[in-house]
Visitor: 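Have a look at this one.
As the structure lists them, so they are numbered: ligands from 1, and atoms in each ligand from 1.
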Amino acid sequence: MTTLETERLFLRPLSSDDLEWLVSLRGNADVMRYIGNDGAVPREKTIERLGRYLRCWEEHGLGMFGIRFHGATEAVGWAGLQPLEQTGEIEVGYAFGKGAWGLGLATEAAREVVAWGFRERGLERIVAVASPENEASRRVMDKLGMRYEGIKLRYGTDCAYYSLTPEAFEAEERRRAAKS
Ligand SMILES: CC(C)(COP(=O)(O)OP(=O)(O)OC[C@H]1O[C@@H](n2cnc3c(N)ncnc32)[C@H](O)[C@@H]1OP(=O)(O)O)[C@@H](O)C(=O)NCCC(=O)NCCS
């Protein structure tokens, strides 16, 4: 099993044990405001979605991780890589409970996920899409060094579309290291 670690976070692939907190997070309309179309997600749909996440790991050897602070049992969010519906491009995605917003966690987790995708899984390109109004998510994409490519139709709707190559990611990592 692939597990990832950052300074503050432990990431492990979602499993059926993750159902209850996922139901709770996805049942929050603020968390889901820019994900999907229907706001708070009912339990049955999250059961279905978790099934898709589990199949994604089996079929593609990549997928979504549950994210916890080191030593904590409760998850604060999820992030990972998955094929985009329709195009099969690999996208990075992330979402956190409201109490965990604004702490830099999405950037920290997504950076580790992307590093894994490029360095361990040998991906040549990772994309990300967000509702154009989702400023916080777009800011995370910027901080990862992703390139904005304009508005594109994904998931049946207009999305702000970003892409990243291993070279651009490593250059961004070097810039970040030089600053710190
Ligand atoms: C999007 C989300 C994952 C960001 O998580 P987070 O841990 O708060 O993100 P980070 O703290 O790493 O970075 C957020 C950045 O956006 C900025 N930001 C937050 N809200 C903003 C807003 N309304 N307008 C502009 N920038 C904003 C923050 O200041 C921060 O940038 P900074 O580090 O330069 O100050 C979180 O808000 C979330 O879970 N939202 C619901 C699910 C979701 O929309 N997921 C993305 C789907 S594409």
Visitor: For atom 6 (P) of ligand 1, state which one of Ala130, Gly97, Ala106, Gly36 supplies the nearest heavy atom.
Guide: Ala106
Visitor: Please identify which atoms of ligand 1 are closer than 4.0 Å to at least one heavy atom of Val129.
Guide: 48 (S)
Visitor: Provide, to 0.1 Å, the distance between atom 13 (O) of ligand 1 and the closest protein heavy atom, together with that atom's residue and name.
Guide: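 Of the protein heavy atoms, Lys143 NZ, 3.1 Å lies nearest.
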Visitor: Where the closest heavy atom to atom 3 (C) of ligand 1 is concerned, which of Tyr34, Tyr162, Tyr94, Trp78 has it?
Guide: Tyr94
Visitor: Has Arg138 got a side-chain atom pairing as donor or acceptor with Pro132's backbone, closer than 3.5 angstrom?
Guide: yes
Visitor: Mark up the atoms of ligand 1 that fall under 4.0 Å of a heavy atom belonging to Gly102, in ascending order.
Guide: 6 (P), 8 (O), 11 (O)
Visitor: With heavy atoms of Asn134 as the reference, note each atom of ligand 1 found under 4.0 Å away.
Guide: 43 (C), 44 (O), 46 (C), 47 (C)
Visitor: Start with the C-alpha gap between Tyr34 and Glu135, add the side-chain angles, then the distance that decides, and say whether side-chain hydrogen bond (donor to acceptor under 3.5 Å, both in side chains) holds.
Guide: CA-CA 10 Å; Tyr34 297 117; Glu135 299 290 352; over 6 Å; no
Visitor: Report yes if Asp30 has an N/O atom closer than 3.5 Å to an N/O atom of ligand 1; otherwise report no.
Guide: no
Visitor: Does Val140, backbone or side chain, put an N or O under 3.5 Å from an N or O of ligand 1?
Guide: no
Visitor: Does Tyr53 have Arg49 sitting over its ring (NZ/CZ under 6.0 Å from centre, angle to axis within 45°)?
Guide: yes
Visitor: At a 4.0 Å threshold, what atoms of ligand 1 neighbour a non-hydrogen atom of Trp101?
Guide: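 Here the atoms of ligand 1 in question are 8 (O), 36 (C), 37 (O), 38 (C), 39 (O), 40 (N), 41 (C).
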Visitor: Out of all atoms in ligand 1, which are within 4.0 Å of some heavy atom of Arg139? Include the element for each.
Guide: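 Those atoms are 15 (C), 16 (O), 17 (C), 30 (C), 31 (O), 32 (P), 34 (O).
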Visitor: Thr107 heavy atoms, cut-off 4.0 Å: which ligand 1 atoms fall inside?
Guide: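 Within the 4.0 Å cut-off of Thr107, ligand 1 contributes 10 (P), 12 (O), 13 (O).
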Visitor: Would you call the rings of Trp116 and Phe65 parallel, tilted or perpendicular, taking 30° and 60° as the class edges?
Guide: perpendicular
